[in-house]
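So the structure is just underneath, and the comments pick up after that.
Computed over heavy atoms, backbone and side chain alike; hydrogens, waters and symmetry mates excluded.
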Amino acid sequence: QVQLVESGGGSVQAGGSLRLSCAASGSIFSINLMGWYRQAPGKQRELVASITSGGTTSYADSVKGRFTISRDNAKNTVYLQMNLLKPDDTAVYSCNADVELIGRMTSDVYWGQGTQVTVSS
């Protein structure tokens with residue numbers, strides 16, 4: 001009923017930038033919290049950044065000052081601008097969204113398929 005499609009991943013050298021996008025589509029009434037997670041090989045998935053429908057943001061300490069999360073509520077899209085990338089940022093990045101469906105009284109969390117970000121030194 002809801003699809004999240006990510007784009008913008010790729011390979012970049014250390015110090016470079018990438019911008020990830022995640023667009024939600026389907027029978028969406030509203031979207032509450034949206035977030036970006038990442039998982040590197042052999043490591044647990046971690047929350048990178050999140051943003052409420054009102055624009056309040058939160059970041060992992062490891063990305064503060066380098067990454068910026070934003071959203072366009074009219075487009076049901078969340079973005080992650082990543083600057084000053086480091087090899088440690090290499091991971092599969094996935095977005096998620098807490099979505100209220102049309103005609104439903106509760107919300108559910110949906111996930112994108114993930115996009116690879118590789119940072120070389």
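With 3.5 Å as the limit, one finds no donor-acceptor pair spanning the side chains of Asn32 and Ser53. There is no side-chain donor-acceptor pair under 3.5 Å between Thr77 and Asp72. In summary, the side chains of Arg38 and Tyr93 do present a donor paired with an acceptor at a separation below 3.5 Å, with no hydrogens or angles considered.
Between Lys86 and Asp89 there is no salt bridge, since no side-chain N of the basic residue sits under 4.0 Å from a carboxylate O of the acidic one.
Phe67 has its ring centre no less than 6.0 Å from the ring centre of Trp36.
At least one test fails for Arg104 against the ring of Phe29: distance under 6.0 Å to the centre or angle within 45° of the axis.
One finds the CD1 atom of Ile28 at 8.0 Å from the CG atom of Leu101 (value rounded to the nearest 0.5 Å). Here OG of Ser120 is found 5.0 Å from CD of Gln13. Values are rounded to the nearest 0.5 Å. Here Gln113 contributes atom CD and Cys22 contributes atom SG; the two are 8.0 Å apart, rounded to the nearest 0.5 Å.
Scanning both residues, Ala91 and Gln39, for their nearest heavy atoms gives CB-O, 3.5 Å. Considering every non-hydrogen atom in both Glu6 and Ser94, the closest pair reads OE2-CA, 3.1 Å. The two atoms that bring Leu20 and Met82 nearest to each other are CG-CE, 3.7 Å, heavy atoms only. Pairing each heavy atom of Val99 with each of Ile31, the nearest pair is CG2-CG1, 4.2 Å. Looking at every heavy atom in both residues, Ile69 comes nearest to Thr57 through CG2-CG2, 3.6 Å. Scanning both residues, Ala14 and Ser121, for their nearest heavy atoms gives CB-CA, 4.3 Å.
A heavy-atom distance below 4.5 Å is not found between the side chains of Val12 and Thr118. Residues Leu85 and Asn83 form no side-chain contact, since every pair of their non-hydrogen atoms from C-beta on lies 4.5 Å or further apart. Side-chain contact between Val117 and Leu18 is present, with heavy atoms from C-beta onward closer than 4.5 Å. Between Cys95 and Met34, every side-chain heavy-atom pair lies at or beyond the 4.5 Å cut-off.
Connection of Val78 to Val2 is established within a shared hydrophobic cluster, with ILVMFWY side chains joined at heavy-atom distances below 4.5 Å, either directly or through further cluster members. The hydrophobic clustering, which links ILVMFWY residues whose side-chain heavy atoms are closer than 4.5 Å, places Val63 and Tyr37 apart. Transitive grouping of hydrophobic side chains (ILVMFWY, heavy atoms separated by less than 4.5 Å) brings Tyr110 and Leu80 into a common cluster. The hydrophobic clustering, which links ILVMFWY residues whose side-chain heavy atoms are closer than 4.5 Å, places Val92 and Leu4 apart.
With sequence neighbours left out, Tyr59 forms a ring pair (Phe, Tyr, Trp, His ring centres under 6.0 Å) with no residue at all.
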